[in-house]
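Scroll down for the structure; my scribbles are underneath it.
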Amino acid sequence: MMIRKIAFGIALTAGIMTGCTSNNSSTSNTEFDLSGADSISEAPLQLSENVVNDMIQNISSPVEMANQIKRSGAGFSQQMLNPTDNIKNYDTSFKRALNLGVYSADLGYINTFNKNTVVVSYLVAVKDLADGLSVGQFLDFQTLKRLATNNTNLDSLKQLSVSSFNQMDKYLRDQKRSNVSTAIVAGAWLEGIYITSQVIEQTHDEDLTLRLGEQKDIVNILLIILNNYSKTDKNFKDLVVKIEEIKKIYDGVRITTELGEPITKEVDGMLVIEQNEISHVEITSEQVDAIIEKVKEARKFVVG
């Protein structure tokens with residue numbers, strides 16, 4: 001059993017998934033257009049704000065899962081991360097966007113374990129990929145580096161990171177490049193679930209296994225978004241094939257929810273009501289093993 005919180009109120013940050021609500025166009029079959037919009041025969045579907053906000057809350061799971069991994073007693077393992085040397089292989093905008101998300105998830109994992117000896121190389125990778133997508137101006141690299149190497153400033157680091165990516169997303173949406181935001185989010189989600197699955201293989205942690213099962217909802221929503229772009233973009237189409245294979249396993253996972261008691265609290269002077277959802281996940285060991293294998297395959301496609 002897991003408890004999820006659904007917040008009602010004015011969102012302080014929109015997150016990078018808000019790009020999926022725009023009516024922006026997708027790209028050609030081979031490469032993103034970094035300068036602006038492309039025309040396609042059919043625009044992406046409009047998603048309701050509630051659906052997108054729910055996706056935002058859950059797509060942040062790489063950081064949440066990293067905290068859960070730490071609580072499980074599993075130690076830090078750099079071997080699970082995407083080596084920064086791989087950045088030389090990302091010579092298309094699609095690969096850059098996907099792996100900007102991957103390295104961002106890796107950074108969340110690294111920061112959770114306070115590994116400041118590792119963090120700088122991953123910050124450099126994020127900055128290089130962001131520059132390659134013409135959004136590097138939103139990353140204050142020197143400040144991020146200073147905060148990342150000072151364990152006492154982790155909260156400030158997280159706040160600055162969120163702010164940077166929110167600005168990046170707004171710019172992408174304004175430039176009619178929501179497809180880039182979508183690819184970033186897909187990469188971040190996949191890396192988060194990959195790291196989690198690797199720890200599950202080692203520890204068989206029950207809480208992490210339930211969190212893995214809960215990702216069924218995210219897979220379904222993510223595929224709706226990705227499929228809009230896959231209609232005209234081969235890059236997205238190939239990615240959808242990999243995510244669809246994960247979804248087929250998740251189809252057998254059963255999730256039921258019940259409402260708990262609402263909680264009121266004050267956030268920055270504003271009264272916020274949080275509705276607790278108690279989520280019951282039924283997932284077998286065979287399903288877990290199958291999901292882990294398909295996640296490995298999809299992740300190899302993304303980082304390879």
Q) Who are the side chain to side chain donor-acceptor pair (under 3.5 Å) partners of Asp131, not counting sequence neighbours? A) Lys127

Q. Closest approach of Asn227 and Glu244, non-hydrogen atoms and distance?
A. ND2-OE2, 4.0 Å

Q | Set of side chain to side chain donor-acceptor pair (under 3.5 Å) partners for Tyr250, sequence neighbours left out | A | none

Q: Go through the structure and list residues passing side chain to side chain donor-acceptor pair (under 3.5 Å) with Asn89, not counting sequence neighbours.
A: none

Q) Counting only heavy atoms not in Lys70, do more than 12 sit closer than 6.0 Å to its NZ atom? A) yes

**Q.** Lys234/Asp238 salt bridge by N-O under 4.0 Å criterion
**A.** yes

Q) Taking atom CG of Leu222 and atom CD1 of Ile246, what is their separation to the nearest 0.5 Å? A) 9.0 Å

Q) Taking all atoms of both residues into account, what is the closest heavy-atom pair of Ala183 and Ala97, and its distance? A) CB-CB, 3.6 Å

Q. Do Ile292 and Ile200 come within less than 4.5 Å of each other through their side chains, counting heavy atoms only?
A. yes

Q) How close do Ala125 and Thr84 get, heavy atom to heavy atom, and via which atoms? A) CB-CG2, 4.1 Å

Q.
With rounding to the nearest 0.5 angstrom, report the CG to OG1 distance, Leu98 to Thr182.
A. 10.5 Å

Q.
In the structure I gave you, are the side-chain heavy atoms of Ser93 and Leu133 within less than 4.5 Å of one another anywhere?
A. yes

Q) How about Val272 and Glu266: do any of their side-chain heavy atoms sit closer than 4.5 Å? A) no

List, one per line, each side-chain donor-acceptor pair under 3.5 Å for residues 293-304, sequence neighbours excluded.
unit_1: Glu293; atom_1: OE2; unit_2: Lys296; atom_2: NZ; d: 3.4
unit_1: Lys296; atom_1: NZ; unit_2: Glu201; atom_2: OE1; d: 3.4
unit_1: Lys296; atom_1: NZ; unit_2: Glu201; atom_2: OE2; d: 3.3
unit_1: Arg299; atom_1: NE; unit_2: Glu191; atom_2: OE1; d: 2.9
unit_1: Arg299; atom_1: NH2; unit_2: Met80; atom_2: O; d: 3.1
unit_1: Arg299; atom_1: NH2; unit_2: Glu191; atom_2: OE1; d: 3.4
unit_1: Arg299; atom_1: NH2; unit_2: Glu191; atom_2: OE2; d: 3.1

Q: Could you tell me whether the side chain of Phe94 reaches within less than 4.5 Å of the side chain of Val180, counting heavy atoms only?
A: no

**Q.** side chain to side chain donor-acceptor pair (under 3.5 Å) partners of Asn82, counting only residues at least two apart
**A.** Asn86, Tyr90, Asn99, Tyr103

Q. With sequence neighbours excluded, what pairs up with Asp289 under the salt bridge (charged side-chain N to carboxylate O under 4.0 Å, His left out) test?
A. none

Q. Does any non-hydrogen side-chain atom of Ser77 lie less than 4.5 Å from one of Tyr109?
A. yes

Q: Would you mind reporting whether Glu282 and Val253 have side-chain heavy atoms less than 4.5 Å apart?
A: no

Q.
I want to check something: taking the side chain as every heavy atom from C-beta on, are Gln78 and Ile110 in contact at a cut-off of under 4.5 Å?
A. no

Q) Looking at Leu226 and Ala186, what are the two nearest heavy atoms and their distance? A) CD2-CB, 4.3 Å

